[in-house]
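These figures come from a predicted structure and were not determined experimentally. Residue numbering restarts at 1 for every chain, and letters A, B, ... go by the order of the sequence lines.
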Number of protein chains: 2
Amino acid sequence: MAEPESATVDLEIIVQGAQEGKKLELRLWLRMLSTTKLISQEIRRRLRNEFGATLPQFDLMAQLYREREGLRLGELSKRTMVTNGNVTGLVERLEADGLVQRVTPDGDRRVTVAKLTEKGETQFSAMAAAHEGWLRDLMADVEPAIVSELWRDIGAVKSSVSNHLSGADFD
Amino acid sequence: MAEPESATVDLEIIVQGAQEGKKLELRLWLRMLSTTKLISQEIRRRLRNEFGATLPQFDLMAQLYREREGLRLGELSKRTMVTNGNVTGLVERLEADGLVQRVTPDGDRRVTVAKLTEKGETQFSAMAAAHEGWLRDLMADVEPAIVSELWRDIGAVKSSVSNHLSGADFD
DNA sequence: GACCGACATTTGAAATGTCAAAGGTTTACG
DNA sequence: CGTAAACCTTTGACATTTCAAATGTCGGTC
């Protein structure tokens with residue numbers, strides 16, 4: 001069995017190059033996904049234990065908290081990245097809990113505007129403060145400079161993705 | 001109305017410092033979350049349109065594809081970060097579609113092992129190839145060096161988060 | 001050999017998620 | 001005017017999600 005005399009080095013280079021450069025986007029995506037899942041689950045658990053709220057409810061209330069005069073359901077759907085049909089049920093449950101109220105403006109009866117109640121504002125501001133602290137806590141071991149860098153670079157990812165969507169979506 | 005004569009510069013510095021350093025972790029998290037949602041929705045749409053599959057099904061099959069001899073449901077639950085009860089239904093539907101089969105080993109009748117069928121392997125490998133291409137495509141505008149950097153730094157985030165979980169979870 | 005604690009999966013209730021189709025309303029055009 | 005197109009929300013069918021409680025099985029101990 002004659003062994004090939006050379007080619008060893010070349011092979012290493014090729015293999016290394018392949019491993020280094022290949023599927024990098026895929027690996028980044030898998031890591032982003034698992035990290036996001038991990039954080040979501042932790043936030044969800046704390047919201048549930050300490051406030052009896054769910055993460056989608058928190059998200060929705062966060063949008064309403066920024067726009068005190070309220071938002072149309074379609075606008076809420078876009079901002080929370082939740083489908084229309086889903087917003088309906090979400091708002092229904094929040095309304096049943098007295099945290100949100102629905103109003104149909106006089107001008108356009110197609111529209112429903114959701115708005116935080118006073119109770120909703122109070123409750124949300126407590127949750128928001130805790131939420132912010134949890135994140136500082138969870139990311140405590142990451143250098144601030146790295147956090148900034150990540151914020152910027154993930155922005156680049158988001159913008160690349162936005163430019164390559166198959167549907168007509170953009171932002 | 002007497003205007004304050006100085007203090008302008010000091011204020012700018014203070015404000016800028018506050019904006020720069022504050023809530024950075026929160027902003028990073030919100031950006032991570034929205035970016036992940038955006039990519040997930042795009043992948044989900046393409047999986048549905050081109051293969052009639054869902055993202056959780058794809059995830060589950062990916063784990064089984066790596067372990068050809070199959071995995072116990074509990075192990076699948078850990079690897080996919082999906083709860084036990086959820087794995088049950090997921091595997092049920094995949095079995096109904098003939099993509100996965102369930103086996104109870106002779107030694108331990110508590111256990112159920114899920115395994116890809118031949119049909120499942122064929123179908124998955126087509127999906128996996130497409131999936132990898134989609135990600136390269138979606139992230140095409142991001143420099144490879146940035147992709148690598150993100151992969152590393154998000155690893156740091158994940159590890160910080162893992163060390164600060166409230167439950168007894170770790171990895 | 002029967003029980004107890006540990007382990008693995010399933011079940012059930014409630015919430016969230018998608019998509020497509022249906023319901024009203026408004027606007028604009030002929 | 002009157003109708004068609006566009007717009008906004010809801011509904012309905014299903015899939016996924018979490019949590020807690022129930023079920024079934026194995027391992028050891030007495």
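- When the C1' atom of dT18(C) is taken as reference, atom CZ of Arg45(B) falls 11 Å away, rounded to whole Å.
- In this structure, the side chains of Ile39(B) and Leu135(B) come closer than 4.5 Å at one or more pairs of heavy atoms.
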Report summary line: Reading nucleotides 4-13 of chain C from 5' to 3' and marking B where a protein heavy atom lies under 4.0 Å of the base, S where only the sugar-phosphate is that close, and - otherwise, the string is ---BSBBB--

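- Rounded to whole Å, atom C1' of dT18(D) lies 9 Å from atom CD of Gln41(A).
- Around NZ of Lys37(A), the count of heavy atoms belonging to other residues, nucleotides or ligands within 6.0 Å exceeds 12.
- Counting heavy-atom neighbours within 6.0 Å of Arg66(A) CZ, excluding the residue itself, gives a total of 12 or less.
- Legend: ring pair (Phe, Tyr, Trp, His ring centres under 6.0 Å) pairs involving residues 40-61 of chain B, not counting sequence neighbours, sorted by first then second residue: Phe58(B)-Phe124(B), Phe58(B)-His131(B).
- In the hydrophobic clustering (ILVMFWY side chains linked at under 4.5 Å, chained through shared members), Val111(A) is joined by Val113(A).
- Within 6.0 Å of CD on Glu118(A) lie no more than 12 heavy atoms contributed by other residues, nucleotides or ligands.
- Counting to the nearest Å, the C1' atom of dC19(C) and the CG atom of Asn49(B) are 11 Å from each other.
- Spacing between atom NZ of Lys78(A) and atom P of dT9(D) amounts to 10 Å, rounded to whole angstrom units.
- For dG17(C), the OP1/OP2 oxygens have no side-chain nitrogen or oxygen of Thr83(A) closer than 4.0 Å.
- Counting only residues at least two apart or in different chains, salt bridge (charged side-chain N to carboxylate O under 4.0 Å, His left out) contacts with residues 47-58 of chain B are absent.
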Quick one: side chains of residues 81-90 of chain B, donor-acceptor pairs under 3.5 Å with protein atoms, not counting sequence neighbours, listed by atom name and distance.
unit_1, atom_1, unit_2, atom_2, d
Asn84(B), OD1, Ser77(B), OG, 3.2

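- Taking atom CG of residue Leu90(A) and atom P of nucleotide dT11(D), one finds them 15 Å apart after rounding to whole Å.
- Near-neighbour residues of DNA chain C inside residues 55-66 of chain A, defined by a heavy atom below 4.0 Å, number-ordered: Pro56(A), Gln57(A).
- Between Arg109(A) and dT26(C) there is a side-chain N or O to OP1 or OP2 distance below 4.0 Å.
- Between the CZ atom of Phe51(B) and the P atom of dT18(C) there is a distance of 21 Å, rounded to whole Å.
- Heavy-atom minimum distance, Val142(B) versus Val157(A): CG2-CA, 3.8 Å.
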